[in-house]
Amino acid sequence: MIWWLKIRAAWVLVGTVLATVGLGLLMGTAKLPLPVLTGGSGSFLIGQLIPVLPAVIFLYGTGRTDGRLESIAAHPMRALDAGWALCIAIFIAGTAGCAYLLARQEIAIVIGRDGLGYIGTALFFAALFGSRAAAGLTTLVPIVLAAIGWQADGRPHPWAWPLLPGTSVLGLLAAMSVLTLGTCFTLVWRAPIQFRR
């Protein structure tokens with residue numbers, strides 16, 4: 001188990017979660033200038049983008065091994081990876097919750113909620129396309145949602161969960177649903193899609 005955690009870059013991932021929450025509290029309310037393709041313009045915060053970092057580092061850890069070798073391993077590797085992702089999601093939510101209790105900044109809630117959703121998105125894309133492709137696709141999710149997720153009056157669409165305010169129950173339910181979907185998809189889907197030349 002110790003080697004499995006080393007291969008999965010566990011300590012790097014834990015450090016990334018702590019750094020993400022810390023950076024989010026320090027500069028999370030700074031606005032990023034992104035073009036809006038539909039609807040009105042809204043404000044996209046750094047704190048809505050940086051929670052994707054733990055998901056990308058999670059994918060880095062799961063992508064360090066050969067999936068063909070892990071598919072014949074004695075241990076259920078997909079179940080272990082799904083469990084590891086859930087542990088990281090709980091750690092993100094707990095760290096962000098503690099940060100909110102200490103600093104009383106709403107951006108901490110946004111970081112925790114979005115971290116849950118991005119871990120679920122990473123699981124979903126990794127099951128479909130493999131860990132390496134999933135890292136890029138997961139990183140694109142907040143950027144694409146920031147470009148198309150705004151209504152004409154400047155409010156985010158209900159389906160654009162990373163853009164919703166931290167107090168939004170709908171945003172929390174959407175992020176938890178994405179995490180649940182990604183976990184289930186990881187456990188059920190057989191192997192990533194292979195693109196051949």
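Being a predicted model, the structure only gives us computed values, none of them experimental.
Residue Thr167 holds its OG1 atom at 11.0 Å from CG of Leu172, rounded to the nearest 0.5 Å. With rounding to the nearest 0.5 angstrom, the CZ atom of Arg104 is 12.5 Å from the CG atom of Leu25. Summarising the geometry, atom CD1 belonging to Ile109 is positioned 11.5 Å from atom CG belonging to Asp114; distances are rounded to the nearest 0.5 Å. The line from CH2 of Trp150 to CZ of Arg155 is 11.0 Å long, rounded to the nearest 0.5 Å.
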* **Worked check of side-chain contact (heavy atoms from CB on, under 4.5 Å) between Ile88 and Leu13** => CA-CA 8 Å; Ile88 291 302; Leu13 187 51; 3.4 Å; yes
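Looking only at side-chain heavy atoms (C-beta outward), Trp159 and Leu145 come within less than 4.5 Å of each other. Here the side chains of Pro165 and Arg113 are not in contact, with every heavy-atom distance at 4.5 Å or above. Inter-residue side-chain proximity for Asp81 and Arg8 is flagged as met; some heavy-atom pair is nearer than 4.5 Å.
What you find for Ile148 and His157 is that their closest heavy atoms are O-CD2, 4.0 Å. The nearest pair of heavy atoms linking Ile92 to Gly115 is CG2-CA, 4.0 Å. Minimum interatomic distance between Ala108 and Ala96 (heavy atoms only, all atoms of both residues): O-CB, 3.2 Å. Looking at every heavy atom in both residues, Ile111 comes nearest to Gly24 through CD1-CA, 3.3 Å.
For Thr138 and Thr121, the side-chain atoms include no donor-acceptor pair closer than 3.5 Å.
By the criterion of side-chain heavy atoms lying less than 4.5 angstrom apart, applied directly or through intervening Ile, Leu, Val, Met, Phe, Trp or Tyr residues, Tyr100 is not grouped with Leu18; the two fall into different hydrophobic clusters. With hydrophobic clusters built from ILVMFWY side chains whose heavy atoms lie under 4.5 angstrom apart, Val14 shares a cluster with Leu80. Val110 and Val21 fall within the same hydrophobic cluster, where Ile, Leu, Val, Met, Phe, Trp and Tyr residues are linked whenever their side-chain heavy atoms come under 4.5 Å apart, directly or through other members. Both Val17 and Val12 belong to a common hydrophobic cluster when Ile, Leu, Val, Met, Phe, Trp and Tyr are linked at side-chain heavy-atom distances under 4.5 angstrom. Note: the hydrophobic cluster containing Ile119 does not contain Leu187 (ILVMFWY, side chain heavy atoms under 4.5 Å, direct or indirect links).
The closest donor-acceptor contact from the side chain of Trp161 to the backbone of Ala174 lies at 3.5 Å or more, if one exists at all.
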Only pairs under 3.5 Å count here: list side-chain donor-acceptor contacts from residues 178-185, not counting sequence neighbours, and write none if there are none.
| from | atom 1 | to | atom 2 | distance (Å) |
| --- | --- | --- | --- | --- |
| Thr180 | OG1 | Met176 | O | 2.9 |
| Thr183 | OG1 | Leu179 | O | 2.8 |

Side-chain atoms of residues 47-60: list all donor-acceptor pairs with protein atoms under 3.5 Å, sequence neighbours left out, distances to 0.1 Å.
| from | atom 1 | to | atom 2 | distance (Å) |
| --- | --- | --- | --- | --- |
| Gln48 | OE1 | Leu45 | N | 2.8 |
| Gln48 | NE2 | Pro162 | O | 3.1 |

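Trp84 and Phe91 have their aromatic ring centers separated by at least 6.0 angstrom.
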